[in-house]
Structures are given as structure tokens and as C-alpha cells.
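Beneath this line is the structure, given in C-alpha cells, with notes to follow.
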Amino acid sequence: MIKITNLYKIYNENKQNEFTALNNINLDIQEAQTIIIRGKSGSGKSTLLSIIAGLCKPTSGDIIIENENIAKLPDINISNFRNEKIGFIFQSFNLISGLNTFENVMAPLVLKKIDKNQFEKQVTQALKIANIEHKKEQKVENLSGGEKQRCSIARALVMNPSIILADEPTANLDKANSLIFIEMLKKFKELKKTVIVATHDCLFDNLEFVDRYIDIKDAKIE
Ligand SMILES: Nc1ncnc2c1ncn2[C@@H]1O[C@H](COP(=O)(O)OP(=O)(O)OP(=O)(O)O)[C@@H](O)[C@H]1O
């Protein structure tokens, strides 16, 4: 479902500060699997997730997602592809201040031509799955850290994507909220989402529902 072949990411290529962040990555991820990518700070985890999300171009190599080689897609097609297929949960939540929870979650739907009832249904369903419906009218700047994350999870789910990517999802959470996030991963699995989490948090070690742990060291899969 996600097939990565001979993937390289070289920052500042042919310059004095050239740096290889991903060095010949090959990876096959099946539909509905839960994958944890582990590695020290600077090992290349975020770079790999950003490339899978189409947020950043590889230097070379192929990333086939549902029969589409996103390494070769023009930028405009990549954003449409990302909007429909991928939900991204950012470490620092990336919510829009001044708007409430409901408005933040509906943001990805705004440009879609769907009727108001369907629109409200999709937002409400995402809020329910993420357990944040009770805060739908609260401005996001007044949410707690855990609630901000649940709002960003609802936003990631609102388009009903088949793939969920999470970059260091527990970096800004206390232990209790980190464990709530881990429980949320089980829910994603029940919903048959393909989930890839990049983390160096040992709370993610030895989880029985995780299909595969991938360790990255110095830009390579170990
Ligand atoms: N735009 C850039 N230009 C140059 N080097 C970069 C750029 N982005 C990332 N890097 C370098 O690539 C390496 C991998 O970065 P990346 O963010 O993927 O690591 P990471 O494993 O996610 O680390 P962390 O856990 O700290 O987020 C790092 O050494 C980083 O400094």
C-alpha cells in the first residue's frame, strides 16, 4: 500500500553543508498496519514522514502510495492527494488561534463542495472519534495540551483519510495524555487506518497491537 524504494534525501546538495538525511530507504507498509518509526533526534524520522506526506520532495527514489508515485507528482496534485488520503498529526498541533475547535476541525473541508449537513456530520464524527466534541465551541488557545492534540487528531480524521501520520505526537504531552494517545492508536487500527508514528518516546515500546517497529540510525533503517 505504501512502497518506498531507494529513497534518498540530501539537504543542500553539492554545497559545503551537504547533509544526507535519508540514505537508501526501502520500506513496504501494508494497509491497516500500525508502524512505529524510532530513532534518536536527527536520525531522519521527521524527514521520512514529511516525504511520505508529500510535504517535502525526496532527492531521489520512489514513494508509491495507493498506486500513485508521489515523488513524481506535480505540487498541485500532491496537495489534493494529501488532503484526501493523509491525516497528519503535528508535534506542535498547528491549530489556528482565534478559531474554536469545531472551526479548526472543519478547515480541511472548507474548499470541498459538500452540503452543510454532510459537512457537519463529518466534523461531528471526527470530534467524537477524537473525544473532543464537548469542547467544540471553545477557542483552541484555551484548550489544554491534551485537548489541543485531540483537536488536531479530529482535524486529521475529518477527510476520512486511509493513512494517518504522527510526528513525535507525545513530545508536548504529559504521561497521562501520552497514554490516551496510545489508546487512540488502537481506535485507528479498529478503523483500519494505516498508521505511521515517528517517536523517540519509550512509552511506544513493546505495544502488542503494533505491527512493526522500524529503527532509523544515521539516515538508514537498521
Ligand atoms: N531543511 C534542512 N536543511 C538542512 N538540514 C536539515 C533540514 N531539515 C532537516 N535537516 C537535518 O536532517 C537531519 C534529520 O532531521 P529530522 O528532522 O528528519 O530528524 P528527526 O529524527 O525527526 O529528529 P527529531 O527527533 O529531533 O525531530 C538532522 O540532522 C537535521 O539537522
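Computed from heavy atoms alone, side chains included, the values below leave out hydrogens, waters and symmetry copies. Numbers here are sequence positions counted from 1. Each ligand, and each atom within it, is numbered from 1 in the order the structure gives.
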*Q149 and N177: side-chain contact (heavy atoms from CB on, under 4.5 Å), yes or no, with the steps?*
CA-CA 9 Å; Q149 188 188 58; N177 277 304; over 6 Å; no

*Does the distance from a Lys or Arg side-chain N to an Asp or Glu carboxylate O, for K186 and E190, drop under 4.0 Å?*
no

*asked:* Yes or no, since that's all I need: does a protein heavy atom fall within a distance strictly under 4.0 Å of atom 2 (C) of ligand 1?
replied: yes

*Which residue owns the protein heavy atom closest to atom 30 (C) of ligand 1, what's the atom, and how far is it?*
F19 CE2, 4.6 Å

*Just which atoms of ligand 1 are under 4.0 Å from any heavy atom in H200?*
25 (O)

_Can you confirm whether more than 12 heavy atoms, excluding those of K220, are under 6.0 Å from its NZ atom?_
no

*Please work out whether any backbone atom (N, CA, C, O) or any side-chain heavy atom from C-beta onward of K40 is under 4.0 Å from ligand 1, and answer side chain, backbone, both or neither.*
backbone

*Give the residue, atom name and distance (to 0.1 Å) of the protein heavy atom nearest atom 23 (O) of ligand 1.*
G42 N, 2.7 Å

*Considering only protein heavy atoms, which is closest to atom 18 (O) of ligand 1, and at what distance to one decimal place?*
T47 OG1, 2.6 Å

*Using heavy atoms and a threshold below 4.0 Å, how should the contact between L48 and ligand 1 be classified: side chain, backbone, both, or neither?*
neither

*For Q125, does the CD atom sit with more than 12 other heavy atoms under 6.0 Å from it, leaving out its own atoms?*
no

*Please state which protein non-hydrogen atom is closest to atom 26 (O) of ligand 1 and give its distance, to 0.1 Å?*
S41 OG, 2.6 Å

*Go through ligand 1 atom by atom and flag the ones less than 4.0 Å from a non-hydrogen atom of E168.*
25 (O)

_Pair K72 + D62: basic N to acidic O under 4.0 Å_ = yes

_For E147, is there an ion pair with R150 - N to carboxylate O distance below 4.0 angstrom?_
no

*Can you find an N or O of K45 that's nearer than 3.5 Å to an N or O of ligand 1?*
yes

*Identify, for atom 22 (O) of ligand 1, the protein heavy atom at the shortest distance, and state residue, atom and that distance.*
S46 OG, 2.6 Å

*asked:* Salt bridge check, E222 against R38: does any charged N sit closer than 4.0 Å to a carboxylate O?
replied: no

*Linking I/L/V/M/F/W/Y whenever their side-chain heavy atoms sit closer than 4.5 Å, directly or via other members, would F90 and I182 fall into one cluster?*
no

*asked:* Out of all atoms in ligand 1, which are within 4.0 Å of some heavy atom of A21? Include the element for each.
replied: 12 (O)

*Do other residues, nucleotides or ligands put more than 12 heavy atoms under 6.0 Å from N206 CG?*
no

*Starting from atom 9 (C) of ligand 1, locate the nearest protein heavy atom and write down its residue, its atom name and how far away it is, to 0.1 Å.*
Y11 CE1, 3.3 Å

*Output the list of atoms in ligand 1 that are nearer than 4.0 Å to some heavy atom of N12, sorted by atom number.*
4 (C)

*Answer with yes or no whether G39 contacts ligand 1, where contact means a heavy atom under 4.0 Å from a ligand atom.*
no

_Tell me whether atom 16 (P) of ligand 1 lies less than 4.0 Å from at least one protein heavy-atom position._
yes

*asked:* Hydrophobic clusters here meaning ILVMFWY residues chained together by side-chain heavy-atom distances under 4.5 Å, can you tell me if I89 and V105 are in one?
replied: no

